[in-house]
Structures are given as structure tokens and as C-alpha cells.
Amino acid sequence: MENILLLVHPALGGLATLTALWVFVDTLNVREETLSRIKNVSLLCALLMWLTYFLGGYWYLVYYAADKAIIKAGPWAFGHGFFMETKEHVFLMLILLATFLPIVASNNLAVDKGARKLALWVSGLIVPISLSMEGSGAVISIAVKVGLLFKGLGG
Amino acid sequence: MENKGIGKFTVSFGLSFAIISVLSALLVVLKETHEETVLAWMKSLTGHHWATHGIINLIVFVVLGWILPKLGNGQGMKISANVLVIAVVGAVILSEIIITGFYI
């Protein structure tokens, strides 16, 4: 169960990132005919991000303590001290940014330049922040591996 | 194609996002520097400070997003899209700096 969650969490996050990128590109070329698609994909982005949050949050609250102990005792203690601490708190902001995206997309982006600009910024911000979440998750995973190797070598 | 301008809920939830992003980052600093009081209190509410943090963020985001449009006799706050973009982007950058800066 634990390992399945660890796979599904970043996979959903990756899909959420792709939907944000989709919204960004679709908004660059927005027309009246594409408005409903942008709204739907924006909503999908928010839903995927919330699913990522619930699954990752469940794993973090239930399973992470053991990994945390391994990381903190190993040579890559920054995997928790910086990457996990930053990740878990930046994500709280990211989830609200993703929630805001379909609200922005509910405007007529084909006509309203201001709303279009806002949609580009919001979707454009979600992509790099989400990628930094994925990268941080990778560092945390390696930190556990390094910690286990260190422990196995009698460190 | 009629342009009715940016929606009042877009403005309110955008401002709400900007406000809660910065407050959330400040709460990170506050709870981590006051483990015996703030962090312990947050843990006592849900069993984990991070869960409480997320719930506080969500409640403030939703409440502010619904209250702000009621200002100005229900007209909502009148700000331009450019100002809203600056508020949202500025809040993201500032909260990122606060959080990453704190844990470096």
C-alpha cells in the first residue's frame, strides 16, 4: 500500500502539471470555441492536484515518520531538513493556486485580456512549482536510499 | 462578444490566495520557532501540525474569497487585472522566499 501510494502521488502530480501546461498553451491560442475545453482542463488540474494532496498527505501523515528517521540519521539529512520541509509547505500554497485556476478560467478568456493574462500567470506558475515538487520528491527518495545504505554499512 | 471584465470572484479569490500564501509562509516561521506553543497547539487540533496548517489555509482562502465580493455594497473590490497579477505573482515569490529562506 505504502509503495503504491508513493507511485500514484507523483504520477497524479505529473498529470496535474501537464494539465496546467495544457491550460497555458490553450490560453495562448484561446478562441470562443476553446473556452469550454480550457475550463474543463483547469478543473481537471485542480482535481488532480487535490487528489495528489490527499494521497501524498495520507502517506506523509501515516508512513513518513520511519523514512524521516532514516533520512535524519543518514548523510543526506538535508533531504528532510530542507527538501521535505520546503515541499510540504510550498505544496499548501500550490494547492490553492491550482484551486484558483478554474475560477480564473471561468472568465471569458477570449475577450478579457486581463483574465487571459491572469490565466497565463497562474497556469504558468503551477508548472515550475509542481516540477520543483517532483524534483524534491526524488531527492527525498534518494535520501532514504542513501540513509539505508549508510545504515547497512554501519554508519 | 461582450466583455464584462474580470469577475468579482476572480478578484476576491485571487486576493484571498495572495493573502493566505504570505500568511501561510509566515505561519511556517511562527510554528517552527515556537514549537512548545504554536506547533504544539496545531498538533493538538488534528494530530499533526501540517494537517492543521492545510485546514487553516483552506478555511481562510474560502472565507476571504466569499467575503471580499460583499464589500462595496456587493460590488466587490475594484482592482485591475494587472494589479491582481502582481498580487498573485508577488505572493508566490514572497512566500517561496520566506519558506525556502527559512529552511536553508
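Because the structure is a prediction, the values reported are computed rather than measured. Worth knowing before you read on, the calculation uses all heavy atoms, side chains too, and leaves out hydrogens, waters and symmetry mates.
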For this session: Only counting residues at least two apart or in another chain, list the ones meeting ring pair (Phe, Tyr, Trp, His ring centres under 6.0 Å) with A:W50.
Result: A:Y53, A:F54
Problem set entry | A:T86 side chain vs A:F83 backbone, donor-acceptor pair below 3.5 Å | no
Problem set entry | Side chain, backbone, both or neither of A:L97 within contact of chain B (heavy atoms, under 4.5 Å) | both
For this session: Please test A:F24 against A:W22 for ring pair (Phe, Tyr, Trp, His ring centres under 6.0 Å), starting from the C-alpha separation and ending with a verdict.
Result: CA-CA 5 Å; A:F24 182 85; A:W22 181 336; over 10 Å; no
Seminar exercise, completed: Turns out that what part of A:L125 lies under 4.5 Å from chain B's heavy atoms comes down to side chain
Seminar exercise, completed: Ordered numerically, the heavy-atom neighbours of chain A under 4.5 Å found in residues 33-44 of chain B are none
Exercise. Is a side-chain donor-acceptor pair under 3.5 Å present for B:N57 with B:S24?
Worked result: yes
Problem set entry | Intermediate values then yes/no, side-chain contact (heavy atoms from CB on, under 4.5 Å), B:I79 and B:I6 | CA-CA 9 Å; B:I79 63 169; B:I6 201 162; over 6 Å; no
For this session: Name the region of B:T100, side chain, backbone, both or neither, that has any atom closer than 4.5 Å to a heavy atom of chain A.
Result: both
Problem set entry | Region of B:V28 that comes under 4.5 Å of a non-hydrogen atom in chain A | side chain
Problem set entry | Minimal non-hydrogen separation, A:V104 against A:A115, with atom names | CG1-O, 3.7 Å
Exercise. Is it the backbone or the side chain of A:Y60 that comes under 4.5 Å from a heavy atom of chain B, or both, or neither?
Worked result: side chain
For this session: Could you tell me which portion of B:L27 (side chain, backbone, both or neither) has an atom closer than 4.5 angstrom to a non-hydrogen atom of chain A?
Result: neither
For this session: Return the orientation label for the A:F91 and A:H9 ring planes: parallel under 30°, perpendicular over 60°, tilted otherwise.
Result: tilted
Problem set entry | Within one Ile-Leu-Val-Met-Phe-Trp-Tyr cluster: A:L5 and A:V144, side-chain cutoff 4.5 Å | yes
Exercise. Taking B:W50, B:F13, B:F61, B:F102 one by one, which has the highest count of heavy-atom pairs under 4.5 Å against chain A?
Worked result: B:W50
Problem set entry | B:F9 ring center within less than 6.0 Å of B:W66 ring center | yes
